[in-house]
Participant: 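Got a structure here, written out as structure tokens. Questions coming.
Lettering of chains follows the sequences in order, A, B, ..., and the numbering in each one begins at 1. Since this is a predicted model, take the numbers as computed values, not measurements.
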Amino acid sequence: MTSSDQFDQPIVQLSGVSKYFSGARALEGVDFACRRGSTHAILGENGAGKSTLIKIMSGVLRPDTGRLLVNGNAVHFASPSEAARAGVVCIFQELSLVPDLSVADNISISDPPRRFGMIDARAQRRRAEALLARIKCEDVDPNALVRDLSLSRRQMVEIAKALGKNPQVLILDEATSALTSRDVQTVYDLLAELKADNVASLFISHRMNEVEALCDTLSVFRNGSHVETFAKGAKSDRDIVCLMIGRDVEAQFPPKPAAKEHAPCLSIEELKWENRLNGVNLSVGAGEIVGLGGLDGQGQKELLLALFGVLRGVQGTVNAGGSIDIPNSPAASKSGQARIALVPEDRKTEGLMLPMSIADNLLAASYDKISSGPFINPALERQAVADGVSKLQIKIGQSKDAVATLSGGNQQKVVIAKWLMTDPDIILLNDPTRGIDVGTKQEIYKLMRDLADAGKAILFYSTDYAELIGCCDRVAVMYDGAILTELRGEAITEEAIVAAALNIDTGAAA
Amino acid sequence: MLQSLFSRISPDSRPSVIASGFIVVILLVGTVYTLMTQGTAPLLSPNYMLQQLQTGAFLGIVAAGMMMVILLGHIDLSIPWTLTAAAMMATTVGGDLAIPTAIGVGVAVGLANGIGVAYLRIPSMIFTLGIDSVLRGLMVAHTGGFAPPDQATPLMRFLAADKVLGIPVAIFVWALVSVVIAFILKRTSFGRSVYATGNREAAAYLSGINTRWVIIGAFVISGVCAALAGVLLAGYSAKAYQGMGNAFLLPSIAAVVLGGTRILGGQGRYTGTIIGVVLIVLLNSVLSIMQMPEAGRQVIYGSVIVGMLLVYGRGQKVVS
Amino acid sequence: MSDFTRALAANVRQNRGFFGALILLSVLYITYNFMHPRGFSTAVLVQNANEVVAIAFVAMAQTLPVLLGGLDLSVGAVMTLAACIASELVHGSPAQIMLGMVITLMSGAAFGLMNGLIIVYGRLQPIIATLATGAIAMGLALFIRPNPGGNVDSDLNWAMTNSLWDFVDTYKLFDPDAGWFQPLAWIPVPFIFLFGIAAATWIPFRRSVTGRTVYAIGSSEGAAFMSGLPLNRAKIAAFTLGGFFAACGGLYLAIQTSSGNADITQAGTYTLNSIAAVVLGGTSLMGGVGSAIGSLVGALILRVISFYFRIVSIDPLLQPLVEGIVLLAAVSLGAIRTLRVKNRLDLFR
Amino acid sequence: APAVVAGPGVDPGCFAPWDAETSFFQWPAKQGPYKVAIVNGFVGNGWRIQMIKTAKAFAEDPSMKDKLAEFKVVSTGTDAATQLGAIEDFINQGFDAIVTIAVSPEGFDRVIKLADRQDVVIVPFDNVLDTDAVMQINEDQLAMGRTWAQFVLDQLAEDGKTSGKVLEVRGLAGNSVDRDRSIGINAVLDESGGDWERVSVVGNWDDGTAQKVVADAIAVHGSFDAILAQGGTTGVVQAMLDAGHPMVPVAGESENGFRKLMAEHSAEGLKGISIGQSPGLVAIAMKAAVSALEGNVMPQLISVPLPVATYDELEDGVNYWSDLPDNFFTVNEFPACGVNITGPSIMAQSEADAT
Ligand SMILES: Nc1ncnc2c1ncn2[C@@H]1O[C@H](COP(=O)(O)OP(=O)(O)OP(=O)(O)O)[C@@H](O)[C@H]1O
Ligand SMILES: Nc1ncnc2c1ncn2[C@@H]1O[C@H](COP(=O)(O)OP(=O)(O)OP(=O)(O)O)[C@@H](O)[C@H]1O
Ligand SMILES: [Mg+2]
Ligand SMILES: [Mg+2]
């Protein structure tokens, strides 16, 4: 560590970096270094400043104070492209793909191959094919629009795009949050390859198992400060979590109650939609948490959307609290016989009105609750907002601040709180812990269990197996638009879920 | 100095403050002009002010409706001929039914616009433009068929041209419309839903807001406001005539935006719109008093809008 | 080969609006020619060509701001300003004429540049900034030309508004009846002017990083920024090119009418029609999808619709109504997509 | 192309040459009946609608009907390119004559050239062209301005006023009609030698706009000794009434509304003069087109006499109609030309059908 060998010099280094957003601190006095050939994890709860840190490194933000050094030289990146030219390439938490351009266009977006000064479309396509092949995504058509890809494919395209820039430092800010397990493996292999090429990787994830599997160095951030950096294995998981959230955590998941029969609250028969749902049969009882597993894109999202009344032309029977109509809009489903709530996939575009106040976002689904006739009652309004904030312990300044100023985890809490305000009977959760820190995750798991104990039926889609195992009373694994396997109790194991997801019969199915 | 002054005003009310300041500037410039040319300062007389507010009321009511639509991130280009059609149908029907007929026209046009935008999902910019030309065609055909009566009813005359306690009744009408609109925006779930839908329609929809009805509702309000302005304008002129709404479209958009409403929707306060209307009305009036030739008038009008927006923009760097 | 067909198939799929517009145009125009007493003749083609050039350029000018996700309400005014400038400058010796044309086009581009600078550095929404700068352009046009008039070179007027044969004949370039020339002689000069400029500017622009950035901004400005694209440069370039296209329209209108006319209503009509043309041409008002060539096609559709009013008999006082309904119906064709959408969330994008 | 020939022309009572210098045209006679098109520009105000109705009615008139094989009317809007396109299209379609209201006084060189090649008669009227290469029909706008001003000065002189403050309400900026009328008005004011303080506002020939700007002007300038309005005169008087402005001499257009108000308030001092650009001009233009096609000698510029009505000449049911709407233009017929379609007959034309 003290060697002055120039190869040992950190490839990127920050010293005394601070960053404030309209007075609020995001980073303060941070010293941080990252070495060649290391795979370096950055850990911290939501809002700890991780994204801000890497945005500074990659030229998106400029620090208010402090210096950024690359290869020992002070640099001032004015834009992400300058950073990329210096070898610092970042895959951002909010994807940087342009939806209306093709995959090939996106991969070579800022520096395409040219012929006679004009973009050479064919060379660009070949380049895309090569890069996609490198991350085993041959199934992605370079001519397809990014708009038409699923989130997990987009993340892979984003990785291909970053690779195309020949990074010296590759930063992945929760770039694996929506990946399927197969893709995660690909990314592991890729990072190992890069490590061998002496490339530094910075890896931000809230999934401890990924960090375990990949990284050699860990840095923990809390409240905008760099707490500690240590080698993998130097600390136990529990200590790390303690460093992150500043307190001790006992168990990650709340204990599951003993298996029992639940009165069915939601039952679905032969649900079909386009070619994405091919006859789904499922029932969820009041007080039960049912997980939806399977590879990404097997119809889980469509199932949730269909139940929430978003899809057109859905066939089959849905019995929600005695009513057997398939709702035809979220407005209908939130006020039906059994009230349904959906926490959508993408909180930024589907869950929240980002420029609006926290209060307005919290109330968006329950104007009827705070109104007398068509008129809003200000007293009820204030009360409802205060309840929502305190119930989920959302960390906010003032409830009239824009929700955009909150960190990702707190934004997600706002979405959940909005729906709890409607007092729903059936809660549909579409990957609600994506990009959320351990502490908050734990709160959400606990909240789910409390809701179930209060008699709600919960249908829970997650890309994280550990979550399904830890939280669910039952797991329904989807494959090609249908549920082939249901696991319950002890049978919910990682092997069983993976086997069912790949439709391999191991006899583990219940 | 100025910078720090700005930062103390909350960003929401900044446009209103700046626009109010500019109104004072316009009045001063106009007064200096009249003092130099005639030695009097009629612009500062209550009489002139009331008269400006009286004619401003027509634009103000149009702008109130336009604001609802702009808050959704849409626009209503059908206003000129909605206004005209409502006024012409009102005078054609005449009698006690005149005003209800006009309002009915406004509702019908608003429904048509709303359905086109909310259900067919055709961009409002283009759908309302189409509706506008259909209405124009209808009115040409209407006049072409026979000679429809065009006299405003006594009630229309009263609302637009009479005074009560020395104050033009039109100002009361505008005030009433303003109170209703401000109340809708602040204190009804419909008003809140307008902001939510204007900010992000997908999120509003997934929150269980019936965004289609919100859109239709806003267009209906816009249509009704235009119709009401048509009633008043016909009352003011004592008659309805072809093309009477042409002068209202661009000024109403300018007034709403100068009042601080975001043209992409989701943000804006109603008081700002009122101030924007007063600003536009006074600016036009003072330019007319100064006998500015059309060329200069256009340049000044445009420069004022750009200039003011540039001043608003100062200090707010963050772009989402 | 299969690579190529696959790319083509993807292209057609991703540009349904444009190909739909192309088919609609063909059907409308061929039918028109069948119904016209002198259909399928050079005279009719030349007449049609003359009528579409100005609006086609203005529609192309509108496309760029629309691709960025905005609107330019000054295109009609900039076209008018350019026409007024041209009406003062485009006469005299050939060199003076050329210089006059260049100055006209440069003025339009400069005005577009000013729009771009105001929008980028003043951080204003294009629609509202151009509402204001449009008034300024109109004011300047009125200063230059308080009354309609001007003396655009009359040979130029004749040469530019006819077939190539007349062009060659007017300037005595060579014998216009030469045998080799006959296959080309019928081509209307306005089409060469229109498609020539469109191809020479649009294709390189579309295939440059700047052009791609324009699309990226309209599609997702945040992603474009994160990808390190030159946002400001692209926005300014887009408005400048828009101003240039508008000036091309103005220049042609001045040549065609041998004069300039600072007519406020005409400018407004051009602006509104340009938006309709852009939509008809398959460009999304949300930004990021479409092309100037599509808008050109959209403008042609708008015009061809109006051609029909001269060959079919409609009560003159019902014409505006029929026109309105046809316009409404045409733009409502876009609703077909809506009916096909199975996931309602797709409606909001 | 027409031959330039010596006068006099046919039927000088109807087709009066503009002045002594006016040249005469003669086209080769064609066998009737003829195909005639009207290419209107803007549609969507009362005047244009009345014009189109007059044209339709006149095409059915016994004196015309047999001479027309085909009669078409299109309105192209304010776009010059479209209007030129429509004219060229009708030439291509083989029409014999095209009557038009030009959207711009310039820019018709090309279509005139094409028309001349095929001996098609183009007849601009109302908004005419700045050229002497076509046969055109109009009222003398300059004279109209002069007559207005002269009348107003005479009225003021009767009251012993030879100086004072007058308000001029102008029309659409950039339009040649606006320019000519204003020149006429101001020339007479200049020539009078009186000390006239002039205030000028822009009323766009539109009642609402005129009313607003006149109201503003009154609020700012107190009162005027006379008002000269190019159009929107009903609105002008309305503004005076609303502001309690004393009734003073007003010169204005021929709107029925203005004449009604004049009849009502002349005793209080609204001693007005009403001169109108008549929508009936279209009928004379059609007649002239046919006459030219028949091979008659025609003046290049045809002057239609100004239809003047002063306050003391008003007669209900003759030159204004108290029971009819404000929006129509009272002067529609030109007996000297055999154009006898009166305002009320136009307005009543299909009222019977409608009721
Ligand atoms: N553009 C911004 N404006 C205002 N505050 C911001 C902005 N971006 C980040 N912040 C604030 O800065 C702090 C750090 O945010 P940052 O996004 O870096 O957190 P993070 O560690 O990446 O969290 P997460 O795990 O949720 O992504 C948070 O409190 C956040 O609210
Ligand atoms: N990955 C996906 N996740 C969820 N829904 C999907 C997905 N892919 C397609 N769909 C849905 O299936 C429907 C049909 O999709 P597809 O892309 O095949 O349509 P398309 O024929 O290409 O039509 P368009 O031109 O509108 O895209 C779409 O409405 C879309 O909502
Ligand atoms: Mg983050
Ligand atoms: Mg598709």
Participant: Within this structure, what is the CZ-CZ distance for the pair B:F190 and A:F375, rounded to the nearest 0.5 Å?
Facilitator: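 Rounded to the nearest 0.5 Å, the CZ-CZ separation comes to 13.0 Å.
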Participant: Quick one: pull up NZ in A:K334 and OG in B:S207 and give me the separation to the nearest 0.5 Å.
Facilitator: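 A:K334 atom NZ to B:S207 atom OG measures 7.5 Å (nearest 0.5 Å).
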Participant: With the side chain counted from C-beta on, respond yes when A:P355 and B:R200 share a heavy-atom pair under 4.5 Å apart, and no when they do not.
Facilitator: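 The answer is no, as the side chains (C-beta and beyond) never meet within the 4.5 Å cut-off.
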Participant: For B:R121, check salt bridge (charged side-chain N to carboxylate O under 4.0 Å, His left out) against everything at least two apart and list the hits.
Facilitator: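 Residues passing salt bridge (charged side-chain N to carboxylate O under 4.0 Å, His left out) with B:R121: B:E201.
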Participant: What option among A:A365, A:S366, A:G309 has the most heavy-atom pairs under 4.5 Å with chain B?
Facilitator: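 Most pairs with chain B among the choices: A:A365.
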Participant: Would you call A:Y367 and B:T188 a side-chain contact if the rule is heavy atoms closer than 4.5 Å?
Facilitator: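 The answer is no; the side chains never approach within 4.5 Å.
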Participant: About how many Å separate CZ of B:F183 and CD1 of A:I376, when rounded to the nearest 0.5 Å?
Facilitator: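 CZ of B:F183 is found 9.0 Å from CD1 of A:I376.
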Participant: Taking every non-hydrogen pair under 4.5 Å, which of B:A202, B:G191, B:A196 racks up the most with chain A?
Facilitator: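 Option with the top pair count is B:A196.
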Participant: What I'd like to find out is whether the side chain of B:R192 reaches to under 4.5 Å of the side chain of A:M356, using heavy atoms alone.
Facilitator: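 In short, these two side chains do not touch, never coming nearer than 4.5 Å.
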Participant: May I ask you to name which of A:P378, A:S335, A:A404 has the most heavy-atom pairs under 4.5 Å with chain B?
Facilitator: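 Ranked by heavy-atom pairs under 4.5 Å with chain B, first place is A:P378.
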Participant: Where on B:S193 is there a heavy atom nearer than 4.5 Å to chain A: the side chain, the backbone, both, or neither?
Facilitator: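 Both backbone and side chain.
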Participant: Looking at CG of B:L206 and OG1 of A:T349, how far apart are the two atoms once the value is rounded to the nearest 0.5 Å?
Facilitator: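 Here the rounded value is 8.5 Å.
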Participant: What is the minimum heavy-atom distance between B:S189 and A:S371, and which atoms define it?
Facilitator: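 Heavy atoms only, the tightest pair is CB-OG, 4.3 Å.
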Participant: Can you give me the closest heavy-atom contact between B:G208 and A:W419, atom names plus distance?
Facilitator: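 Taking every non-hydrogen atom into account, N-CH2, 4.3 Å.
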Participant: Tell me the salt bridge (Lys or Arg N to Asp or Glu O under 4.0 Å) pairs involving residues 405-424 of chain A, sequence neighbours left out?
Facilitator: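 Salt bridge (Lys or Arg N to Asp or Glu O under 4.0 Å) check on residues 405-424 of chain A returns A:R339-A:D423, A:K413-A:E443, A:D423-A:K456.
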